[in-house]
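Below: one structure, written as structure tokens.
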Amino acid sequence: MNWINESCVTVDMFQLLNEGGKLVGEKPDIPDDKLLQLYKQMIFSRVFDERALKLQRQGRIGTYAPFTGQEAAQVGSAAALDKGDWVFPSYREVAVSLVRGVPASQSLLYTMGHHSGSGDPDAHMFPVQIIIASQTLHAVGSAWASKYKKEKQVSVAYLGDGATSEGDFHEALNFAGVNSLPVIFFVQNNQWAISVPLSSQTASKSIAQKGIAYGLTSIQVDGNDVLAVYETMKKAVQLAKEGKPILIEAVTYRQGPHTTADDPTKYRTKEELSAWKQKDPLLRMKHYLIHNHLWNETQEEEETAIAEQKMTEAYQTAIQTPRSGLDDIFQNVYHKKTSNLEEQQNSSKRGEVSV
Amino acid sequence: MNWINESCVTVDMFQLLNEGGKLVGEKPDIPDDKLLQLYKQMIFSRVFDERALKLQRQGRIGTYAPFTGQEAAQVGSAAALDKGDWVFPSYREVAVSLVRGVPASQSLLYTMGHHSGSGDPDAHMFPVQIIIASQTLHAVGSAWASKYKKEKQVSVAYLGDGATSEGDFHEALNFAGVNSLPVIFFVQNNQWAISVPLSSQTASKSIAQKGIAYGLTSIQVDGNDVLAVYETMKKAVQLAKEGKPILIEAVTYRQGPHTTADDPTKYRTKEELSAWKQKDPLLRMKHYLIHNHLWNETQEEEETAIAEQKMTEAYQTAIQTPRSGLDDIFQNVYHKKTSNLEEQQNSSKRGEVSV
Amino acid sequence: MTVMNMVQAINAALKSEMLQDDRVICLGEDVGRNGGVFRVTDGLMDIFGAERVVDTPLAESAIIGAAVGMAARGLRPVAEIQFLGFIYEAMDQMASQAARLRFKSGGKFSAPMVVRAPYGGGVRTPELHSDSLEALFLHTPGLKVVMPSTPYDAKGLLTSAIRDEDPVLFLEPMKLYRAFSEDVPEEDYEVEIGKAKVIQDGNDLTIISWGQSIHTVQKAVKEWEEQKNLSIEIIDLRTIAPLDLDTIIQSAKKTGRVMIVHEAVKSGGVGAELAALISEKAMFYMFAPILRIAGFDTPYPFPMVEDEWLPNVERINKAIEEMLSYS
Amino acid sequence: MTVMNMVQAINAALKSEMLQDDRVICLGEDVGRNGGVFRVTDGLMDIFGAERVVDTPLAESAIIGAAVGMAARGLRPVAEIQFLGFIYEAMDQMASQAARLRFKSGGKFSAPMVVRAPYGGGVRTPELHSDSLEALFLHTPGLKVVMPSTPYDAKGLLTSAIRDEDPVLFLEPMKLYRAFSEDVPEEDYEVEIGKAKVIQDGNDLTIISWGQSIHTVQKAVKEWEEQKNLSIEIIDLRTIAPLDLDTIIQSAKKTGRVMIVHEAVKSGGVGAELAALISEKAMFYMFAPILRIAGFDTPYPFPMVEDEWLPNVERINKAIEEMLSYS
Ligand SMILES: Cc1ncc(C[n+]2csc(CCOP(=O)(O)OP(=O)(O)O)c2C)c(N)n1
Ligand SMILES: Cc1ncc(C[n+]2csc(CCOP(=O)(O)OP(=O)(O)O)c2C)c(N)n1
Ligand SMILES: [Mg+2]
Ligand SMILES: [Mg+2]
């Protein structure tokens, strides 16, 4: 009998920079200014994240899901996309949205509970998805639309390791495979789904190998290595545009809490955290740039100051935006307000209850 | 970059008898009387199926899902189970239920729309599942209960090729893998999900390889070869009891319509059907038995006559069972009838509408 | 005009919209080569090809979820759920995704799409094929829910649904698919979503119903009118969300007696909302309690019993009698 | 007696049932090591081990579906859905599987299990965390639905739910988890499922509510009683399915004025069923229309607006005024 099991597949993680920032693979063909841009985007992302955490602690914004530790995965992947490509994020993709050109203030407004909601059609960013893995299906539909319209765009779903357990993830990959859609499933395997470690999430040795069930082309990449992520994503976009749907597992780590409502000390060790901090994506890229004489500490300080300033401005913009009121919620339920909503809105204004 | 794709996995179908009934593998260690029993069970199954089709055409029973062509997969797998094992069928597993000892009349009552419903606790058979793939989760829960209670039983979910596209299938396999549950997912890949061929169902080269996504042990077996199926299932039960969840893909064919409401000429060719009829599971086993001097045409006729007679008796039992009435439907909604249902039942009796 | 049954009318609407608008595509299980298990999409694949009439894998959440993505990106998907009972598998995509995309994005995205599904009893289907679940979607802001009872309305409402800017759940009463035919224009036309139809004027009693129950109501009413000279108003709701409050309240005030007939189980059904609206806005016009003739509060029953379980002429007659006893 | 908040009371019920009955196991996302995102299952894993307090993968359909299988095989699973809004992912397992197993098997199998889920607004959660979806399950025969508003009831009702032979959906009002504490017996006790509680007798008006809205109602009522000397009856429904019809109708007949207050969107909510039942069985006792103060018919709103969207004292006051204007 020919039993199949995991030992039938080998998964090797693709890496260009090791933890110390040394090049371990072939030198990628990325111009210096692009390297610097990637790093600056990572700096701004981290500044956003740290400031957002502070603002939340001060009660100025609502629940927030920090992404510190995942900057390479987010920035590297987003930077490899074209303007026309479409992004379907979860709730943790602020760095992606920043790279796509979504104003930082918009993400602040979202977590402040503003009715403007999320999503940015200009940046080709779908709204934040709360329901785990649901966005993978929207990316499939979007890729399908592109294919149908013969537009050369890819659709990218961002999701987490935990999301790979949901039925929607499976259905999305299967639809993508059957229809040869230009879609990329970018899994940030940050090792945890709230308090559940990957080992309790799946008995599969890797997430990348899950693509085999659907005829997808898959890869595991070091998600803290911005160069490896960028190169992988570049290639993935090309393959996807040829009708080869792609699954990418970016191995990374969520250094902060799941959200500001979470206490990670309940479920994970200090040792684990500090081991992963050694692999920090910014540190690694900084070492590489300095080593290659593209960066120094002065520039680091300057860039950080610029980022802080931009963040202050974003916050000012957000708080100066008029607050939402009850009236706003009757909009956008339907294209045209129904008479029932019209009546409810009017009676709410008049302080009435009903007719 | 180390891209993974389907070429990384090889899947070889396990077979013992070829289409002509010749032994192609190692002779399995199955006593002669067991061989004969398997074949007789296949004969009775086919007689049931053919009679049920006739009864449906005569308007004596309701919609029916025939399984002709899948007898080896069903009988071979069910025969390898122990009495204590639990079975979670779809709507096409009548042959399985017959092997488990469920009276044929019970399956007739079900399709006649009798309130006694389906499922048989004595035979350890869960009710017929209409919702595709839903039963895979119940099998997981059942296996979990066995493990928790330290009872050495396996739970077997039967499902089709189409069912592997549902999210529940994915979630079930993942739960099974993570918890090392004594569960077997037995997929009858009969090539079609109503009108949708396997090639439109998944881009995966095999169903067996889908187990790799969950750390499962998997195999592809010739589902028209009752010996291969029986042997595979025997081994699977053993592995599952050791805490290795199993995925089996039995490659077979649905020779009849999807159900009595379906017209397969809309979507598949005569050529395909007749090619598969060459691989008929009964024919193959018959050749093998005759070749080994265990069977002859006289026995075949006798056995068929016995089966026909049993079937006639089953139908008599079914039609002699008192019909269900409105009163029956107020039972079994809750353990104890609620006062609301009490009231509805009483008013329905009195011909009233409401209080 | 051509004489069409409901299957033909729906097929005609799909065909006509697909001819006019290449953003319209159909997707679902068995909708292509097979033409749907009820043949509603029959022939469409031959005309429009497999790119516009798509046989999907067996996964309801993906069907609706993919349609959301398509719709947001400018297509007009018409997704089929093979039987309404299977929509539970796609509830998140219906209720949290399609219904809320416009709202959650502050109006920046939307999901103009149609989800078609046959539903309803009386045709001896296996378990879980006959449930009427419209109430779940009445409780889901952002969705529209349409339930035609005639071929004419089916074609016009489906045309409106496909052209609508919001997600529409279009429920097709299985028992009426081929139950009768009527004149249906060959050219395309719209029947407005959100408008009930007074299919018969009356003064003594109002009966509100929709889908296949309408025909049971008509049968019952005929007897009363002929034998007792009673004047009964019948309202075919046609749209469940948004409800046509004006028509309902106007009729309630006029007749002072309202009965609601639906197939779904009684508790928490659409009948409850109608009764509540009337008791909120027209209670003092009522001569009689508002009665609901509906499925009993049990799971949809086994085929042997379904005709007794469903609202039938006998139960409606009983209720009319009861309501007339108040004056 | 000990003073407990609702989180502690629920935790106590789980612990006590697990101690007495080793068929009881808890499963769900983050319920183990983390003790649940609200710490409702805190400490249980330490006491009962990872076999009885199971951190599952992230898959709601599997959580409920596996629980159905466990329950059918003799365990008593208590499954947690992290927030009620996520139950859409498991609707088939809830509505077509757990709810119908007894019925579909002709009584040969059953699924005695509890599904716990926090729900409700006012705590500034992100989208889809605050919806009140009880009406969907009122419309699902075979399920029981329980919604406590106090720590005492929470402990007693959960104990009853775990011991019940049918699947029970146990909904925990998030805002009340730590809002207040009260005396709760240390030993185990049951609060009967299916019985509403008249938490305050009155003659002029009945207000029916449940879950966290009860406290808003109480606040509003206090003002009226103190200032206007009005006698208001307050009914805490506690069980949504099966409804306690007797208590509701009795009160309606007594006071002749009924208001229903709930957080769920108004259309198709449980309030509709209550109003319909009253208009069916007690209409001629009514002095005033039956009013529903509920969420508006929009998706649950953005945090900045939720306090205005939810039923609040002001809206309840307005409604009381309006109802008193009828006499
Ligand atoms: C359908 C659904 N179930 C549960 C949740 C609650 N929840 C929010 S985030 C999360 C963990 C997600 O883990 P992962 O996919 O790894 O993403 P990460 O948070 O690590 O980025 C859970 C369980 C949800 N939002 N949606
Ligand atoms: C959730 C759900 N979706 C759709 C259906 C309708 N349906 C019934 S059988 C079937 C095809 C199933 O194919 P497969 O799993 O291969 O099993 P087979 O019928 O071939 O045995 C479909 C689509 C259903 N019963 N349940
Ligand atoms: Mg994660
Ligand atoms: Mg099949």
Side-chain angles (χ1 to χ4, degrees), chain A residues 1-14 16 25-26 133 164-180 196 199-221 228 231-232 235-236 239 244-247 249, chain B residues 1-14 16 25-26 133 164-180 196 199-221 228 231-232 235-236 239 244-247 249:
Chain A
M1 294 182 216
N2 318 297
W3 296 92
I4 310 164
N5 57 39
E6 288 217 298
S7 64
C8 304
V9 197
T10 327
V11 177
D12 286 318
M13 186 168 78
F14 176 59
L16 286 173
E26 209 181 320
T164 66
S165 296
E166 287 279 7
D168 279 357
F169 167 77
H170 169 78
E171 298 187 7
L173 268 65
N174 193 42
F175 268 51
V178 165
N179 297 294
S180 305
V196 179
S199 59
S200 307
Q201 199 64 249
T202 179
S204 167
K205 268 185 317 192
S206 76
I207 288 171
Q209 77 196 50
K210 291 178 186 275
I212 289 174
Y214 316 96
L216 261 55
T217 307
S218 313
I219 196 167
Q220 189 184 62
V221 60
E231 289 291 289
T232 301
K235 181 71 185 167
L239 290 169
K244 289 204 182 65
I246 305 287
L247 172 66
E249 174 187 6
Chain B
M1 293 181 216
N2 317 298
W3 297 92
I4 310 163
N5 57 38
E6 288 218 298
S7 64
C8 304
V9 197
T10 327
V11 177
D12 286 317
M13 186 169 78
F14 176 59
L16 286 173
E26 207 181 321
T164 66
S165 295
E166 288 279 7
D168 279 356
F169 167 77
H170 170 78
E171 298 187 7
L173 268 64
N174 194 42
F175 268 50
V178 165
N179 296 294
S180 305
V196 179
S199 59
S200 306
Q201 197 64 248
T202 179
S204 167
K205 270 185 316 191
S206 75
I207 288 171
Q209 77 195 48
K210 290 177 187 275
I212 288 173
Y214 315 96
L216 261 55
T217 306
S218 313
I219 196 166
Q220 189 183 61
V221 59
E231 288 291 289
T232 301
K235 181 72 186 168
L239 289 169
K244 290 203 181 66
I246 305 287
L247 172 65
E249 174 188 7

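No experiment lies behind these values; they were computed from the predicted model shown. Each chain gets a letter, A, B and so on, in the order the sequences are listed, and its residues count up from 1.
Heavy atoms closer than 4.5 Å to chain B are found nowhere in A:E26, neither backbone nor side chain. Heavy atoms closer than 4.5 Å to chain A are found in both the backbone and the side chain of B:E166. For chain A, no part of B:I207 is nearby; none of its heavy atoms comes within less than 4.5 Å. Heavy atoms of A:L16 lying under 4.5 Å from chain B are absent altogether. Looking at B:A236, the atoms closer than 4.5 Å to chain A (heavy atoms on both sides) sit in the backbone and in the side chain alike. Only the side chain of B:I246 comes within contact range of chain A, with at least one heavy atom under 4.5 Å from a heavy atom of that chain.
In terms of heavy-atom pairs under 4.5 Å with chain B, the best-connected choice from A:V178, A:L247, A:T10, A:V9 is A:V178. In terms of heavy-atom pairs under 4.5 angstrom with chain B, the leader among A:N2, A:V11, A:N5 is A:N2. Most heavy-atom pairs under 4.5 Å with chain B, from the set A:Q201, A:M13, A:K244, A:K205: that is A:Q201.
Applying the side chain to side chain donor-acceptor pair (under 3.5 Å) rule to B:T164 yields no partners; only residues at least two apart in sequence or on another chain are considered.
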query = Given B:F169 and A:N174, is the side-chain contact (heavy atoms from CB on, under 4.5 Å) satisfied, shown in steps?
reply = CA-CA 12 Å; B:F169 167 77; A:N174 193 42; over 6 Å; no
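A:M1 approaches B:I219 most closely through the heavy-atom pair CB-CD1, 3.7 Å. Of all heavy-atom pairs between B:A208 and A:I4, the closest is CB-CD1, 3.8 Å.
The CG atom of B:N179 lies 9.0 Å from the OG atom of A:S200; values are rounded to the nearest 0.5 Å.
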Could you list the donor-acceptor pairs under 3.5 angstrom formed between side-chain atoms of residues 210-217 of chain B and any protein atom two or more places apart in sequence or on another chain?
from   : atom 1 : to     : atom 2 : distance (Å)
B:K210 : NZ     : A:A213 : O      : 2.8
B:K210 : NZ     : B:T202 : OG1    : 2.9
B:Y214 : OH     : B:H170 : ND1    : 2.7

